[in-house]
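One structure is given here, and the rest of the page talks about it.
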Amino acid sequence: TGAITLAASTTYEVQLDGGAWAPVGLVTSFATASLPDGTHSLSVRAVDKLGNARMAGPISFLVDATPPAAPGGLSKQLPDNLRQPVITWSPAVDATSGVSRYQISLDGISQADSASPSWSPPGPLTDGRHTLSVRALDQAENVSAPASLDFVVDITPPAAPTGLAKPSPDNEMIPSFAWNSVSDPLSGVQEYQVRLDGGTWLSIGAVLTWRPAADLEPRTHTLEVRAVDKATNVGQAALLEFLSDAVPPPAPGGLRTESSPREPRPAFVWSASSDVGSFVKEYQVRVDKGNWAPVGSALAWTSPERLSD
């Protein structure tokens, strides 16, 4: 409803939205009944006792008692390790007077209004979870329902993986590796990355095991594993040094016995074998194609049993 002030005259009549003229007496104001939203017009005329009339107007005015629709599609700029992210939303719609601005609240604290459907915090946000609320105001100061967005700011990298190990034996040239999962309390772990011998980091997803695609060279190698969280923070790497060696050592040289042929328990000696990969762990002996028996790292062996002629 609206009040229209009229100049003093004899009697007055008003016409609303081109309808019939209605007398209002000697008053110089007029209050309409409840009007629907939209643009309206009002004309006023003064009428003297002889019926002569002179009209003022019409004037146009707007009635808007309907709040705009709530903003939709709130979205935060990625990744989550941005401390002053841009947050955007779909423009609110107000068919009558139009949207004038947006009111912003961050974690329950009012912020400066925004004239456009986007906003960025004026200062860096702390690590943790936050809530942004947005509501639209139209030209008639009607306020929409709020729209909210919960989001995370995470600038803390995940910890290094623990328990990095190679379950495969050293003579397996495509060994398998395993490690424990990493906990990231804010955004969670997105993936793990591995690097072999200081090469290029390789993304392998959220798995906890890995094997190289091809045989490794027979030598000492290093494997590094690190976690990357969903905010793209990269954690410290765990390091494992390991050996790959599928090349057997050369046969011992100089194998001979210095015992007399009459000795039923002969003694044997040999020269050390050289192994450039994993080094010699032990020597094994067998007599007459029997079972192999380990004898440790000694370079000599004496038969514990009497040998037949």
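Keep in mind that the numbers below use all heavy atoms, side chains included, and drop hydrogens, waters and symmetry copies. Since we're looking at a predicted model, the values are computed, not measured. Counting from 1, the numbers follow the sequence of the chain as shown.
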Checklist entry - Taking only residues two or more places apart in sequence, or in another chain, which ones meet Trp270 in a ring-ring contact (aromatic ring centres under 6.0 Å, His included)? => result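 With neighbours one apart ignored, the set is Tyr283.
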
Between [X] and [Y]: side-chain donor-acceptor atoms closer than 3.5 Å:
| X | Y | result |
| --- | --- | --- |
| Gln193 | Glu191 | yes |
| Ser187 | Asp80 | no |
| Thr39 | Ser60 | no |

Item to check | Heavy-atom closest contact (Thr257 atom, Pro266 atom, distance) | outcome: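 Shortest heavy-atom separation between Thr257 and Pro266 comes out as OG1-CB, 4.0 Å.
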
Next on the checklist: Which heavy atom of Val153 sits nearest to which heavy atom of Thr126, and what is that distance?
Outcome noted: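 Between these two residues, the closest heavy atoms are CB-O, 3.6 Å.
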
Next on the checklist: Quick check: do Pro175 and Phe242 have side-chain heavy atoms less than 4.5 Å from each other?
Outcome noted: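 Side-chain contact under 4.5 Å: yes.
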
Checklist entry - Counting only heavy atoms not in Glu305, do more than 12 fall under 6.0 Å of its CD? => result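 Not buried by this count: 12 neighbours or fewer within 6.0 Å.
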
Next on the checklist: For Tyr192, run the side chain to side chain contact (heavy atoms under 4.5 Å, CB included) check against Leu202, Thr209, Leu208 and tell me which one passes.
Outcome noted: Leu208

Item to check | Pair Asp154-Asp184, side chain to side chain contact (heavy atoms under 4.5 Å, CB included): steps then yes or no | outcome: CA-CA 10 Å; Asp154 181 7; Asp184 188 88; 3.3 Å; yes

Next on the checklist: Suppose we screen for side-chain hydrogen bond (donor to acceptor under 3.5 Å, both in side chains). Which residues come up paired with Asp150, at least two apart in sequence or across chains?
Outcome noted: Thr131

Checklist entry - What is the distance from atom CD1 of Ile104 to atom OG of Ser114, rounded to the nearest 0.5 Å? => result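 The distance works out to 5.5 Å.
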
Item to check | Pair listing, side chain to side chain donor-acceptor pair (under 3.5 Å) test, anchored in residues 94-107, at least two apart | outcome: Asp64-Ser97, Asp94-Ser97, Arg101-Asp113, Arg101-Glu141, Gln103-Arg135, Asp107-His130

